[in-house]
Structure formats: structure tokens, C-alpha cells
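Okay, structure first, notes after.
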Amino acid sequence: MYLLQSPMYSIDSYFEEMLVGRHDNQKNLFLKTRLLAVKSKLVDAENEYQTLAEKKELHNLLEQETIGLPPTMKSDDSVPKFITAAEMEKVYSNFLVDKPDSKKIGRRVYDAILSNTYYNLCPYCSHREVKTVDHYLPKSKFVSYAITPINLVPCCSDCNKDKLDNYNLNEEEMLIHPYFDDISSVNWLNCKVNENIWPITFSYGISKNIHTSALQSRLEYQFKLLNLGKLYADNATREFNKRVKSLIKEYNSNPSKNALDFLADNYESYCLENPNSWQTKMFEALIHSKWFITAALPELQNFYLKT
């Protein structure tokens, strides 16, 4: 979980250009006319989202499954009095996402969101590669934010699938928002060595020392929803197995020093990059496990390098 830079686009900066050329048939022209009529509503909704998110009050938003047209559009009873979630889904899929090779502004906005990452890592899990865009608040329930950049988050396919349209306006069950929630100074991730168990494995969880109960609950909720404990533990076990031969070599060269230096050097390197990465916490757990240092370390060669 890490903070992203704010998107470079806003509704007002691309909306009308996105609709240019989208009137090749009567149905699209009808939709485009109605979309232009609600542009100001979309801009106002974006501003409200921004204000509430900055104040950590996004949970105060109300669900909205349609966008009402202004009174001037309602004189003819044959004209729908609102834009539906299904129509905004079409706007998102066909006008914004478009085709990968599209040169239209919508696709440029979409690609800018996809590339707004740290080394292409998913901001929800901080591990897997970004492949898609997630609606932080689902477009089916918050139709005004279907194409709002600050509601569109680059993420990996697994987090997108696990999250789906899951959302909760309970303050303590809202996911960490990658554009607004900076938890870089919070020591939120814990790891421990599963002691007296071979081969060496790890368990991950959320720290119990988070400074607010709401943040504690949100982290725990996201950790469980996205199954991050298993993801991190599986990767830590694989990483340890890759390092074990070097660790054994260091231990054999100087049992009282070199292996500990090896662990400390790796911990410090990962900590500089991200204090809350699963790698940082894995090495921290190894360093602080008395069982690993005094009992397991001397036995690594016997267990892992059996002939």
C-alpha cells in the first residue's frame, strides 16, 4: 500500500474533447447531448469527492445510481430524465478505456492512470504488476464517479478481482485510498517466523500499534479482503529459500558474525526502499527471532543442503 501522485487529468480538462467524434450514430449523439448537459454535475461531484477525501470523510458520500438531467432537458416525456449506471459504464468502457491503440483523449487519460505507479507495482498490495484500473468506489453505485480520475486506481488483476465492487461506507471498512491516504510513516505491517517448524515459513499481519482505531480497522479489512497475508507469506518463503545458500555460506565462514551481518544488510537495504515491504519485515522477523538465530541458523545446512 503506497501513496500515488494525484492524477494529471480532471473531468473538466478532458470531458468535452472525449466526446468529440462520438456521434457516428443517432444513439451516440443522443447520449453525447445528455452527457454535455450534466458536465457541470460531474465536475461538482468530482470537487466534492476531492474535498471529502482530503478531509478523510469520503465515507459521507451518498450512493447515486443515476445522474439527473437539468430541467431544460425534461420538457419531452420521451427523453429519459436521467443518465443510468449502464450508460456511464458504456462511457467508461467505450469512450475512456476505448481501444489500446486509440489516439483519443479518453485513452490518454486511461493510460496516464495506468502508468501513475511506483515501478508499476499495484498500490493495493505493493507487490504485483499493474494490469488494469479499479474504481475505488464502484461505478454501479456511484455513477457520477465512473470516469472521475481520482476514483480510478491502477492495480493488479488479482486485487481487482478480489475487490470487485466491494465497498463499504463504514469509515472503519474503507480501503486505503492510494491518492489520499499516506501511511508511509506508519509502521503497519508485522511479520514473524513460524518457530519450531521446518522448513522456515512466515506469518504476516497488521500491527496492533496503529495510532488510530479507524486506520487499524481499515488496514485489517484490506489485508483480509485482498488476502495479503498469504501473498506475503508465500513470497517470503520463496525469498528465504533463494537466500538460504548464501546465508549458510556466511554462517559457516563466521558463525558469530557474518550471518547476522548478512541479515542486517538485507534488512537495511529493503528498509530504505520501503519500511513496510514484505521483504523488509521478513528480514526484520529473522533478526528478532531468538529461535531462528540460536537454534535454526546452525541447522540450516543440515535441513536445506541434504545430500
Side-chain angles (χ1 to χ4, degrees), residues 1-2 117-131 156-159 161-162 183-210 216 219-220 222-307:
M1 305 174 204
Y2 66 90
T117 62
Y118 179 76
Y119 291 123
N120 204 38
L121 292 177
C122 172
Y124 286 139
C125 66
S126 296
H127 177 74
R128 292 177 292 238
E129 182 180 358
V130 165
K131 295 286 189 180
C156 67
S157 299
D158 285 349
C159 283
K161 181 179 67 175
D162 289 339
I183 60 171
S184 60
S185 63
V186 179
N187 185 21
W188 58 267
L189 184 62
N190 274 346
C191 174
K192 66 176 183 179
V193 179
N194 295 323
E195 299 187 347
N196 299 304
I197 297 175
W198 293 89
I200 302 297
T201 56
F202 304 85
S203 295
Y204 284 81
I206 299 299
S207 169
K208 299 301 181 183
N209 298 316
I210 309 298
Q216 175 95 39
L219 286 164
E220 290 176 350
Q222 181 161 337
F223 201 77
K224 181 178 180 180
L225 177 67
L226 303 181
N227 203 18
L228 299 185
K230 184 177 188 304
L231 171 67
Y232 295 166
D234 288 347
N235 280 285
T237 299
R238 285 191 284 267
E239 181 69 13
F240 180 82
N241 288 343
K242 293 177 184 176
R243 303 296 188 100
V244 71
K245 185 174 182 179
S246 296
L247 186 56
I248 291 169
K249 180 180 179 180
E250 296 296 340
Y251 178 81
N252 288 338
S253 65
N254 189 332
S256 65
K257 183 178 184 300
N258 287 3
L260 298 180
D261 288 346
F262 176 84
L263 295 174
D265 288 346
N266 278 276
Y267 166 75
E268 290 170 6
S269 295
Y270 279 115
C271 193
L272 285 173
E273 179 74 10
N274 180 1
N276 283 297
S277 72
W278 62 263
Q279 297 99 324
T280 300
K281 294 302 180 177
M282 180 194 80
F283 282 105
E284 182 179 67
L286 291 169
I287 291 169
H288 290 119
S289 170
K290 184 177 179 180
W291 171 80
F292 178 77
I293 297 300
T294 62
L297 190 55
E299 296 298 323
L300 288 182
Q301 180 165 324
N302 293 334
F303 188 89
Y304 282 93
L305 299 184
K306 293 178 180 179
T307 58

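All values below were derived from every heavy atom in this structure, side-chain atoms included, with hydrogens, water molecules and symmetry-related copies excluded. What you are looking at is a predicted structure, and each value in this text was computed from that prediction instead of being measured.
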For a side-chain contact (heavy atoms from CB on, under 4.5 Å) check, start with the C-alpha distance between Glu284 and Cys191, then their side-chain angles and the critical distance, and finish with the verdict. CA-CA 8 Å; Glu284 182 179 67; Cys191 174; over 6 Å; no

Any chance you could lay out the side-chain contact (heavy atoms from CB on, under 4.5 Å) test for Leu228 and Tyr204, step after step, and finish with the verdict? CA-CA 8 Å; Leu228 299 185; Tyr204 284 81; over 6 Å; no

Verdict with reasoning, Tyr124 to Asp162, per side-chain contact (heavy atoms from CB on, under 4.5 Å): CA-CA 11 Å; Tyr124 286 139; Asp162 289 339; over 6 Å; no

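Scanning all heavy atoms of the two residues, the minimum distance from Tyr2 to Ser126 falls at CD2-OG, 3.5 Å. The two residues Lys281 and Leu189 have their closest heavy-atom pair at CE-O, 2.9 Å. Closest approach of Cys156 to Cys122, counting heavy atoms only: N-SG, 3.4 Å. Residue Gln216 comes nearest to Ile206 through the heavy atom pair NE2-CG2, 3.9 Å, listed as atom of the first residue, atom of the second, then distance. For the residue pair Lys131 and Ser157, the shortest heavy atom distance occurs at CB-OG, 3.3 Å. Taking each heavy atom of Thr117 and Leu121 in turn, the nearest pair found is CB-O, 4.0 Å.
To the nearest 0.5 Å, atom OG1 of residue Thr237 and atom CG of residue Asp234 are 6.5 Å apart. Here the CZ atom belonging to Phe240 is positioned 5.0 Å from the CD1 atom belonging to Ile200, to the nearest 0.5 angstrom. The CG atom of Leu225 sits 13.5 Å away from atom CD of Glu220, with the distance rounded to the nearest 0.5 Å. We find the CG-CZ distance between Asn190 and Phe202 to be 14.0 Å, quoted to the nearest 0.5 Å. The CG atom of Leu263 sits 10.5 Å away from the OG atom of Ser289 when rounded to the nearest 0.5 Å. The structure places CG of Leu231 at 7.5 Å from SG of Cys159, a figure rounded to the nearest 0.5 Å.
By the 4.5 Å heavy-atom criterion applied to side chains, Tyr267 and Thr280 are counted as neighbours. Between Asn187 and Asn209 the shortest side-chain heavy-atom distance does not fall below 4.5 Å. Looking at heavy atoms from C-beta onward, Phe292 lies in side-chain contact with Leu300 at the 4.5 angstrom threshold. Taking 4.5 Å as the limit, some side-chain heavy atom of Leu286 sits within range of a side-chain heavy atom of Val193. Using a 4.5 Å heavy-atom threshold, the side chains of Met1 and Trp188 count as touching. Side-chain atoms of Glu273 and Tyr119, non-hydrogen and from C-beta on, do get closer than 4.5 Å to each other. No side-chain heavy atom of Leu226 sits less than 4.5 Å from a side-chain heavy atom of Asp158. Taking the side chain as every heavy atom from C-beta outward, Trp198 and Glu299 approach each other to under 4.5 Å.
Of the residues His288, Glu268, Arg243, the one that meets the side-chain contact (heavy atoms from CB on, under 4.5 Å) test with Phe283 is Arg243.
Put simply, the side chain of Tyr304 never gets that close to the backbone of Pro199: no donor and acceptor are under 3.5 Å apart. Looking only at distances, no side-chain donor or acceptor of Tyr270 sits under 3.5 Å from a matching main-chain atom of Ser277. Listed for the Thr294 side chain is a donor-acceptor partner under 3.5 Å among the backbone atoms of Lys290.
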